[in-house]
Amino acid sequence: MEIKKISDYIWEIPATEKEGMRVPARIYATEKLLHEMDSGVFEQITNVACLPGIQKYAYCMPDGHQGYGFPIGGVAAFSKEDGVISPGGIGFDINCGMRLIRTDLTVSEVLPRIRELVDLLFKTVPAGVGSKGLMKLSVEELKQVMIRGVDWCIESGFGWERDRERIEENGRISGADPSKVSEKAISRGISQLGTLGSGNHYLEVQIATPENIFDKSMAKALGIFENQAVIMVHCGSRGFGHQVGSDYLRIFDTAMKKYGIVVRDRELACAPFNSPEGQDYFKAMKCAANMAFANRQVIVHRLREVFSEVFRREPEDMGMDIVYDVAHNIAKIETHEVDGVEKELVVHRKGSTRCFGPGRAELPEIYRKTGQPVIIGGSMETGSYLLVGTEKAMSETFGSTMHGSGRTMSRAAAKKKVTGSEIKKKMEEEGIIVKSTSMTGLAEEAGFAYKNISEVVDTMEMAGVSRKVVRLKPIGNIKG
DNA sequence: ATGTAC
């Protein structure tokens, strides 16, 4: 496939490269990262470029790797009038996302208690495949979670009023309709609120060491200081969102025949955004997105309780505010400029993060000047990043950047190279206390199975799309 | 990612 170099960090596959491409594909990567990408990424991103109503470019971020239909690390915006919505462009784990909590605690206060913290967090936050929460919700309550997300949590005692504005969409996307969610999804979701899940989902205690703060004044504006302890939560909508995705993939299979949509890969199943099927999926997707925001909210409430127990102080007195909460797998209606005209678009981000620049109306007052905080999860061994969005992101990538490191190795390949207990031992030697429900899961998530997070983050920094604020080093990890 | 298959 012909790949044109646009700059040191942007590569383009022309629309002439494949029959049916409506727009070119653009890949953000260094030459090294580009060469490391699997060929499936190029096949998939050019398939996405063929979908009806796609605008400007089909994008792949530097953490891109092959996924279901669309690459993970993909961004695609479709016309609201004559474009489509596709579950493959959002991901099975709807609103899988990342939340960062700050504290007033320093490394010297937290380090002596880290084993105690990790043990208690592990006991308090259910993790692993099929994990069930400690809450008993009625169907009516789960429907309230679907409609009202974090608002339901705060009213039910799981959080603070001021948490709301520090979450994308205030933790509640309007237009969610539980009547569009199957009984099966409800029965799977009913016991899953407040649970971490498995795979790459985790809860991590991290440190902002002085050498890792890249922009001191920006860090201060986001509530970050030298040698501070912070907590990162990575999880999504569990089996609930997964079921919503599966249900609508089947519905879209027949809907495509009805609307005469032909796709290059069955995994690209989609429906016109304005069709009844497309609208139903969007309403169900919002239910799962609100459930995921609520899931992270309940987990954060629990971890505030754990910190309170260990440090014998109220969470408010330890400054345990949310820095921000971002969605990594979602579609949203957003206004962006296309060919000099403001248009409402259906922006699909799958393994990609919104990174709006300063001034956007969607940002809360506290971040209107800084730009949107962006939380990037690395592998459990190598650390994570807090970034901010830029003006350039708005004109270049529909206000989007990467979401994490991206895998370089399959789970099966990682398990062949190392055992879970070897990884656990190695991490302890590196100063990271880890506790997991699954030893094979630990092996699958080994740092070497992922791209170098700094290289990925630097790519988007050099491209001018997102700016580094701080790198966060893990000291304790709870993994599903 | 996922009651790792209907």
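Note that the structure is a prediction, hence the values are computed from the model and not measured. Reminder, nothing fancy here: chain letters follow the sequence lines and each chain counts from 1.
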- Message: So if I take residues 233-243 of chain A and measure heavy-atom distances to DNA chain B, which residues fall below 4.0 Å?
- Response: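 DNA chain B contact set from residues 233-243 of chain A: A:Arg238, A:Gly239, A:His242.
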
For atom [atom1] of [X] and atom [atom2] of [N], their distance in whole Å:
X        : N     : atom1 : atom2 : answer
A:Leu249 : B:dT2 : CG    : P     : 16 Å
A:Leu196 : B:dT2 : CG    : C1'   : 14 Å
A:Arg250 : B:dT2 : CZ    : C1'   : 16 Å
A:Asn95  : B:dT2 : CG    : P     : 13 Å
A:Ile72  : B:dT2 : CD1   : C1'   : 13 Å

Checklist entry - Taking only side-chain nitrogens and oxygens of A:Ser246, does any of them come within less than 4.0 Å of OP1 or OP2 of B:dT2? => result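 No, A:Ser246 has no side-chain N/O under 4.0 Å of OP1/OP2 on B:dT2.
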
Notebook entry, point to check: With no hydrogens and no angle check, do the side chains of A:Asp38 and A:His65 hold a donor and an acceptor under 3.5 Å apart?
Noted result: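 Checked: A:Asp38/A:His65 side chains show no N/O donor-acceptor pair below 3.5 Å.
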
(message) Need to verify one output field. Residue with the more 5' nearest nucleotide on DNA chain B, A:Arg411 or A:Val129?
(response)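 Mapping each residue to its closest nucleotide by heavy atoms, the 5'-most match is A:Arg411.
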
Would you mind classifying the nucleic acid contact of A:Lys132 as base, sugar-phosphate or nothing, using non-hydrogen atoms under 4.0 angstrom?
->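 No contact.
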
### Task
Looking at every strand, decide which applies to A:Gln192 at a 4.0 Å heavy-atom threshold: base, sugar-phosphate, or nothing.
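The residue A:Gln192 makes sugar-phosphate contact but no base contact.
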
Ring centres of A:Phe78 and A:Phe273 under 6.0 Å apart?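 When the ring centroids of A:Phe78 and A:Phe273 are compared, they turn out to be at least 6.0 Å apart.
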
Original post:
Considering residues at least two apart in sequence or located in another chain, which fulfil the side chain to side chain contact (heavy atoms under 4.5 Å, CB included) criterion with A:Ala294?
Top reply: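 For A:Ala294, the residues satisfying side chain to side chain contact (heavy atoms under 4.5 Å, CB included) (neighbours in sequence not counted) are A:Val145, A:Cys153, A:Leu193.
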
* To do: With sequence neighbours excluded, give me every ring-ring contact (aromatic ring centres under 6.0 Å, His included) pair touching residues 249-269 of chain A.
  =>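 As it turns out, the ring-ring contact (aromatic ring centres under 6.0 Å, His included) pairs with a partner in residues 249-269 of chain A, which skip direct neighbours, are A:Phe252-A:Tyr281.
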
Next item on the list: Please report the closest heavy-atom contact between A:Arg99 and A:Phe293, naming both atoms and the distance.
Entry: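 It is NH2-O, 3.4 Å.
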
request  = Determine the minimum heavy-atom distance between A:Ile432 and A:Pro474, stating which atoms define it.
outcome  =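 For A:Ile432 versus A:Pro474, the nearest heavy atoms are CG1-O, 3.4 Å.
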
